[in-house]
Amino acid sequence: MKIVVDCHGSDLGAKVAVEGSVKAINENEDLTVVLCGVEEEIKHILSNLDYNEKQVEICPATQIIYNTESPTEAVRKKKDSSLVRAYERLKEDKDVVGLVSCGSTGAVLTGAILKIGRIKNISRPALCPILPTANGGKVLLIDSGANIDCKPINLAHFAIMATCYAKAYLNIENPRVALLNIGVEDKKGNQFSHECFELLKSAPINFVGNMEARDFLSGKYDIVVADGFDGNILLKSVEGTASMVLGEIKKGIQNSFMAKIGALFMKRTFKNLKNTFNTSNYGGAAFLGVKKLIVKGHGASDALAFEKSILQVKTLANFNLCKSIETQVALLGDLNGGD
């Protein structure tokens, strides 16, 4: 099995991408990574690492796509960029099952649509990140920003894709799916919410009703479905709140001698809390709905995040996730309203 890695997406540089890739193959003899990027730089990083050379291939590229660029224009014009070369390898090499990139979100999503294409009958692909919950579990959010203006059929597809994903990656047999809304009552929300609610009830999923944003991390739900606009606001709000709370705890400890004494007794608790909110432990956000597996990592991804994302793709490939999604979405029947 081969997985292609865009080595120039992370804010931390190619070093973390290469190191994470090597960690992944050192633990999996059946895995090969295709490292896309500046060949000389990649070879220099590899020279300081121990690995099986048969498990590493280099796909040379001379350009990099940056977050400040127009995604569509960059993908079309920067044909020798690490991301475009990665997509070409993904498309042309039947042994390559998926791609990992921590680069420009817009470019990664645009490249997936233009170079790889959608799964049959999927109206729109969507981003699906993983977050921790209060009861020690995990929750999926779909969509988290790929689609701003949606139709109800899009959210039905999101729910089906995330259900297949939860079964494959989180080992949840019958994941609970909720619709993000302003209240839990069936009739809450606007007309769009009402239409989505009715469609989700008829979809081949375990739909449990509406969910208020405050219950997102409660552990009551395995999947939360939203359009990309609301989903992105929810995600950023959670990330900002978590960062603020952890920052205030750290500040309070630093400003008080007694708090420092107390912190010594809670060292293990704080360590566990830090690990819980460390996104590197969860891999990346899967871009569900395209013909091959795409995992989009955070821009600040370290070597651990790359390793986890690569192994994430491997797990999903073994489950044959793309085929599972195609089969399940066909159960919805005629796609009136798709685009």
Side-chain angles (χ1 to χ4, degrees), residues 1-7 9 17 20-21 24-25 28 30-37 55 57 59 61 65 71-72 75-76 79 81-130 140 142-144 146-147 157-158 160-169 283-297 306-330:
M1 181 187 297
K2 293 182 181 180
I3 296 172
V4 64
V5 179
D6 170 18
C7 292
S21 299
I25 62 172
N28 297 267
D30 60 339
L31 184 63
T32 297
V33 289
V34 181
L35 305 177
C36 289
Q55 290 180 265
E57 296 180 20
C59 177
I65 293 177
T72 302
V75 169
R76 286 176 173 168
K79 300 185 183 299
S81 64
S82 57
L83 179 61
V84 172
R85 289 299 185 201
Y87 270 123
E88 289 177 350
R89 187 64 182 270
L90 178 63
K91 180 179 181 179
E92 297 168 2
D93 190 339
K94 64 179 181 179
D95 294 327
V96 177
V97 299
L99 177 149
V100 172
S101 177
C102 295
S104 162
T105 301
V108 172
L109 306 191
T110 299
I113 298 298
L114 295 179
K115 302 292 184 180
I116 306 302
R118 296 180 292 188
I119 292 173
K120 182 180 179 181
N121 290 334
I122 288 295
S123 55
R124 293 188 188 181
L127 269 175
C128 189
I130 304 172
L140 303 178
I142 187 168
D143 178 28
S144 65
N147 304 280
H157 288 172
F158 297 169
I160 292 172
M161 293 190 295
T163 294
C164 294
Y165 180 37
K167 291 179 179 180
Y169 193 57
F287 188 47
L288 303 176
V290 288
K291 293 178 181 178
K292 284 198 173 182
L293 299 168
I294 311 291
V295 170
K296 166 66 179 73
F306 271 96
E307 177 190 5
K308 293 288 187 180
S309 295
I310 291 168
L311 298 181
Q312 183 178 359
V313 172
K314 182 176 184 289
T315 299
L316 299 178
N318 287 332
F319 186 84
N320 202 0
L321 178 64
C322 295
K323 184 61 178 179
S324 176
I325 289 174
E326 182 178 347
T327 300
Q328 289 301 309
V329 80

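For the single chain, residues carry numbers from 1 onward in sequence order.
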Original post:
Once you round to the nearest 0.5 Å, how far does CD of Gln328 lie from SG of Cys164?
Top reply: 5.0 Å
**OP:** For residues Thr32 and Asp95, determine if any side-chain heavy atom of one lies less than 4.5 Å from a side-chain heavy atom of the other.
**Re:** no
Subject >> Distance (rounded to the nearest 0.5 Å) between Ile65 CD1 and Ser82 OG >> reply: 7.0 Å
Subject >> His157 to Asn121 - nearest heavy-atom pair and separation >> reply: CE1-O, 3.1 Å
Which pairs of donor and acceptor atoms, one on a side chain in residues 285-294, lie under 3.5 Å apart (sequence neighbours left out)?
residue, atom, partner, partner atom, Å
Lys292, NZ, Leu90, O, 2.6
Lys292, NZ, Asp93, O, 3.1
Lys292, NZ, Val96, O, 2.8

Subject >> Non-neighbouring partners of Asp30 that pass salt bridge (charged side-chain N to carboxylate O under 4.0 Å, His left out), sequence neighbours left out >> reply: Lys314
**OP:** Return the set of residues passing side-chain hydrogen bond (donor to acceptor under 3.5 Å, both in side chains) with Ser101 (not counting sequence neighbours), or none when no residue passes.
**Re:** Asp6
Original post:
Looking at CG of Leu31 and OG of Ser21, how far apart are the two atoms once the value is rounded to the nearest 0.5 Å?
Top reply: 9.0 Å
Original post:
Is any side-chain heavy atom of Ile325 closer than 4.5 Å to a side-chain heavy atom of Ile160?
Top reply: no
Subject >> Atom pair OG1 (Thr327) and CG (Asn320), whose distance is rounded to the nearest 0.5 Å >> reply: 8.5 Å
Original post:
Can you find a heavy atom in the side chain of Leu140 that is under 4.5 Å from one in the side chain of Ile142?
Top reply: no
Quick one: side chains of residues 108-117, donor-acceptor pairs under 3.5 Å with protein atoms, not counting sequence neighbours, listed by atom name and distance.
residue, atom, partner, partner atom, Å
Thr110, OG1, Gly106, O, 2.7

Original post:
Are Val4 and Tyr87 side-chain neighbours, meaning at least one heavy-atom pair lies under 4.5 Å?
Top reply: no
**OP:** May I ask you to decide if Ser123's main-chain N or O and Arg118's side chain share a donor-acceptor pair within less than 3.5 Å?
**Re:** yes
**OP:** Identify, with sequence neighbours excluded, every residue that meets side chain to side chain contact (heavy atoms under 4.5 Å, CB included) alongside Ala17.
**Re:** Val5, Cys7, Phe306
Original post:
Which residues satisfy the salt bridge (charged side-chain N to carboxylate O under 4.0 Å, His left out) test with Glu326, sequence neighbours excluded?
Top reply: none
**OP:** With sequence neighbours left out, write down each residue that passes side-chain hydrogen bond (donor to acceptor under 3.5 Å, both in side chains) with Asp143, or none if nothing qualifies.
**Re:** Asn147
Subject >> Closest approach of Gly98 to Val313 (non-hydrogen atoms, all atoms of both residues) >> reply: CA-CG1, 3.8 Å
**OP:** Determine the minimum heavy-atom distance between Ser144 and Pro129, stating which atoms define it.
**Re:** OG-CD, 3.4 Å
**OP:** Determine the minimum heavy-atom distance between Phe158 and Pro125, stating which atoms define it.
**Re:** CE2-O, 4.2 Å
**OP:** Can you establish whether the number of heavy atoms outside Lys91 located under 6.0 Å from its atom NZ is more than 12?
**Re:** no
Original post:
Measuring from Met161:CE to Cys128:SG, what's the distance to the nearest 0.5 Å?
Top reply: 8.5 Å
Original post:
Can you name the residues that form a side chain to side chain contact (heavy atoms under 4.5 Å, CB included) with Ser309, not counting sequence neighbours?
Top reply: Val100, Val295, Gln312
Subject >> OG1 on Thr315 to OH on Tyr165, rounded to 0.5 Å >> reply: 9.5 Å
**OP:** Only counting residues at least two apart or in another chain, list the ones meeting side-chain hydrogen bond (donor to acceptor under 3.5 Å, both in side chains) with Glu88.
**Re:** Arg85
